[in-house]
Amino acid sequence: MAMHRAQEAGIDDVGIGALFGLHDYKYEVMGLLLHALQLEKDCGVGPHTISIPRLEPALNAPAAIRPPHPVSDHDFKKLVAILRLAVPYTGIILSTRETSAIRNEVFDLGISQISAGSRTNPGGYQEDSSEGFRAAQFNLGDTRTLDEVIGDITALGHIPSFCTACYRLGRTGRDFMELAKPGLIQKFCRTNAILTFKEYLLDYASPLTRAAGDELCSRLVEETPNARTRQTISRRLAKMEGGQRDMYV
Ligand code: SF4
């Protein structure tokens, strides 16, 4: 009911999820799908995102060390594909709990959002956080740096996007669903992905990631089918090279 109450109170973008490992994963998946349907029926807006963390070992948490219903890698990949097919408009989120090998595999099955360079201990993002590591909430499966993750995504041929345009332009709730459900949102996503990726490459990437990323960006611009969109992206990329930042549509 929390998500229904949030929508009634005016929060028009909600995300749902389940912590896999506590109960039969098939029940959890059906629960998520029914929850998505009910939100659509009652609020006119389905979940903006679905998160699918798997229970990971954590200090002083016996249930996390021996999950009552562990989900195998095979079943995990299957449930990602089922959620993607059943709720095509939603973002499916994967955390750094999973290993880099699993994370790279499930991009092709439907994962659209991931975290990177995460710390799960209080104060973990401070420069000297070695003390806090002892208080980590759970074990991380992927300890790569952000740059390594971005480099690997680039090598797989996917566009790493840092876009938050919809939230910033108020494209949320029903407005978002009207674009997302028929797939119209992708024209914004693609342009914004190229622009925000370029900004990352210019300001934060290592030389290796920068070179691979620039090559990917150039290819994506060339492959943009609509000539006007292609010109707009090229113009904006040139402005970015000249120092302008924070461009989105
Ligand atoms: S335009 Fe940006 S914020 Fe909106 S759905 Fe696409 S990637 Fe997400």
Side-chain angles (χ1 to χ4, degrees), residues 3 6-7 10-17 32 36 39-40 43-52 80 83-96 103-104 106-118 146 149-150 152-154 156-205 209 213 216-217 219-221 223-226 228-237 239-240 244-249:
M3 302 309 170
Q7 298 234 17
I11 296 173
D12 59 0
D13 261 356
V14 297
I16 60 174
L32 285 172
L39 279 169
E40 279 198 60
C43 312
V45 179
H48 195 90
T49 53
I50 298 180
S51 299
I52 50 168
V80 171
L83 288 172
R84 173 48 71 220
L85 289 169
V87 198
Y89 60 80
T90 201
I92 305 184
I93 303 178
L94 195 67
S95 78
T96 42
R103 274 154 61 96
N104 286 350
V106 292
F107 281 130
D108 287 336
L109 299 174
I111 291 295
S112 57
Q113 283 149 259
I114 62 162
S115 50
S118 301
L146 175 63
V149 173
I150 297 296
D152 282 356
I153 294 173
T154 307
L156 289 170
H158 300 299
I159 328 171
S161 172
F162 293 83
C163 176
T164 53
C166 288
Y167 305 102
R168 299 174 71 188
L169 294 169
R171 225 161 31 212
T172 56
R174 282 173 193 263
D175 291 346
F176 176 79
M177 284 294 145
E178 278 168 19
L179 291 166
K181 280 191 129 180
L184 299 172
I185 193 72
Q186 62 179 285
K187 69 175 183 205
F188 298 104
C189 298
R190 193 178 183 283
T191 299
N192 289 336
I194 298 170
L195 295 175
T196 57
F197 183 34
K198 181 68 180 180
E199 189 167 328
Y200 172 83
L201 293 172
L202 287 169
D203 293 347
Y204 305 104
T209 304
L216 179 64
C217 278
R219 181 157 58 78
L220 291 167
V221 174
E223 288 171 359
T224 303
N226 183 296
R228 227 168 117 198
T229 310
R230 195 164 55 243
Q231 282 162 8
T232 305
I233 299 173
S234 300
R235 232 183 358 256
R236 291 189 179 207
L237 288 177
K239 283 185 185 170
M240 239 177 226
Q244 208 164 315
R245 293 288 181 269
D246 204 19
M247 284 185 272
Y248 52 88
V249 293

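Order of appearance sets the numbers: ligands from 1, and atoms from 1 within every ligand.
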Phe197 side chain reached by Leu220 side chain, heavy atoms, under 4.5 Å: no
Heavy-atom side-chain contact between Thr90 and Arg84 under 4.5 Å: yes
Does ligand 1 have a heavy atom under 4.0 Å from the side chain of Tyr248, from its backbone, from both, or from neither? neither
By number and element, which atoms of ligand 1 are closer than 4.0 Å to a non-hydrogen atom of Arg171? 1 (S)
Proximal ligand 1 atoms for Asn192, defined as those under 4.0 Å from one of its heavy atoms: 1 (S)
Looking only at side chains, do Thr172 and Asp12 share a donor and an acceptor under 3.5 Å apart? yes
Distance from atom 2 (Fe) of ligand 1 to nearest protein heavy atom, with residue and atom: Cys163 SG, 2.2 Å
Looking at Asp203 and Arg245, does any basic side-chain N land under 4.0 Å from a carboxylate oxygen? yes
With a 4.5 Å heavy-atom cut-off, do Thr229 and Arg190 have their side chains touching? no
With under 30° as parallel and over 60° as perpendicular, where do the rings of Phe176 and His48 fit, or are they tilted in between? tilted
Close side-chain approach of Val249 and Lys187, heavy atoms under 4.5 Å: no
Looking at Ile185, which atoms of ligand 1 are within less than 4.0 Å of one of its heavy atoms? 5 (S)
Under 2.8 Å from atom 4 (Fe) of ligand 1 - does any N, O or S atom of Cys166 fall there? yes
Should you measure from each heavy atom of Ala165, which atoms of ligand 1 turn up under 4.0 Å away? 3 (S)
Would a 4.0 Å cut-off, counted as strictly less than, catch a protein heavy atom around atom 5 (S) of ligand 1? yes
Check ligand 1 against Phe176 and write out every atom of the ligand that is under 4.0 Å from a heavy-atom position of the residue. 5 (S)
